[in-house]
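These notes concern the structure reproduced below.
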Amino acid sequence: MAVVEQCSLSAEWRPVSLTHVEYPAGDVYGQLLAYLSLGPVFILISFGTLIIFKRELHTISFLCGLLLNEGVNWLIKNIIREPRPCEGTHATVTTEYGLPSSHSQFIWFFSVYSFLFLYLRMHQTNNARFLDLLWRHILSLCLLTAACLVSYSRVYLLYHSWSQVVYGALAGSILAIGWFVITQEILTPLFPRIASWPVSEFFLIRDTSLIPNILWFEYTVTRGEARNRQRKHGTKLQ
């Protein structure tokens, strides 16, 4: 079924369970792309979970950037008001305007910001230079692949044209670079002060911006504390 090439208004479209994303009935490839296009939803849920359990200021700032990105997308759509390529194909779209694609703009903002964070914010803390760079390259490739697949899914499923997806990717990338600069140059120096506010201490909000590799730091601290407690527990039993 060449859904990419032409609008098929007569095709039967089925929604993914509990969502508004539709795919052509009987099209397994389209169904897979429909699930992939839900990537932004999964990312937002992951951010909410991460903030609840970690309560780290940079993660909160990242989420604020994503929400700002969505606000800019809504503003551009309502200024340009370019319709979607196949009006009437989907009955469950949240807005009739398609330029720029919100899914494309979202996923490219997330991917570009994550790419900048991996290579400019995180630094190695041990001698495993090769392995450190290898996992960053692999993760960056996964981010790029996910961004391309989500963008392509919006065209395949007839939600957007190629130009709407490309402009969404461009807008998301530019906003990601701008928000990364703002976070690093303006917000990060304020994080220690924000973390010391009474309300931040009450909600256990913390600042880890001075720790180059938070994964390695948490691993070593947790391992050291666990060993200390094991030794104390062993001493009490003697």
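All residue numbers in this chain count up from 1 along the given sequence.
- Here the two rings, on Y167 and H160, have centers that are 6.0 Å apart or farther.
- Counting heavy atoms from C-beta outward, L99 and I76 have side chains that stay 4.5 Å or more apart.
- Between L120 and F180 there is a side-chain heavy-atom pair separated by less than 4.5 Å.
- Atom CD1 in I107 sits 10.5 Å away from atom OG in S101 (nearest 0.5 Å).
- You'll find the side chain of Y29 reaches within 4.5 Å of the side chain of Y156, heavy atoms only.
- For F117 and H58, the ring centers sit closer than 6.0 Å to each other.
- Considering CD1 of I186 and CD1 of I182, their distance stands at 5.5 Å, rounded to 0.5 Å.
- For F110 and F106, the gap between ring centers reaches or exceeds 6.0 Å.
- Remark: L187 CG to I194 CD1 distance equals 7.0 Å, nearest 0.5 Å.
- Between W179 and F62, the closest side-chain pair of non-hydrogen atoms is not below 4.5 Å.
- When all heavy atoms of L63 and I51 are compared, the closest pair comes out as CD2-CD1, 3.4 Å.
- Residues R154 and S37 meet the side-chain proximity criterion, which asks for heavy atoms closer than 4.5 Å.
- Within the structure, the side chain to side chain donor-acceptor pair (under 3.5 Å) test picks out the following pairs touching residues 62-78 (sequence neighbours left out): N69-Q105, N73-Q105.
- For the atom pair CD1 (I174) and CZ (F109), the distance works out to 12.0 Å, reported to the nearest 0.5 Å.
- For the residue pair T208 and E56, a side-chain donor N or O sits within less than 3.5 Å of a side-chain acceptor on the partner.
- Screening residues 42-54 for side chain to side chain donor-acceptor pair (under 3.5 Å) gives K54-E218 as the qualifying pairs, with residues at least two apart or on separate chains.
- When all heavy atoms of G30 and L157 are compared, the pair lying nearest together is O-CD2, 3.7 Å.
- When atom types are taken as modelled, the side chain of R136 and the backbone of L118 share a donor-acceptor pair closer than 3.5 angstrom.
- You'll find the side chain of L170 stays beyond 4.5 Å of the side chain of W108, heavy atoms only.
- For the atom pair CD1 of I60 and CG of L50, the computed distance is 9.5 Å after rounding to the nearest 0.5 Å.
- Closest approach of V112 to I177, counting heavy atoms only: CG1-CG1, 4.0 Å.
- For the residue pair T188 and S209, no side-chain donor N or O sits within less than 3.5 Å of a side-chain acceptor on the partner.
- The nearest pair of heavy atoms linking V165 to V155 is CG2-CG2, 3.5 Å.
- Taking both residues in full, the closest heavy atoms of S104 and G168 are given as OG-C, 3.8 Å, listed atom of the first, atom of the second, then distance.
- The closest side-chain heavy-atom distance from Y159 to R84 is below 4.5 Å.
- Atoms CZ and CD1, from F203 and I52 in turn, are 12.0 Å apart once rounded to the nearest 0.5 Å.
- In this structure, L68 and L175 have side chains that are not in contact, with every pair of non-hydrogen atoms separated by 4.5 Å or more.
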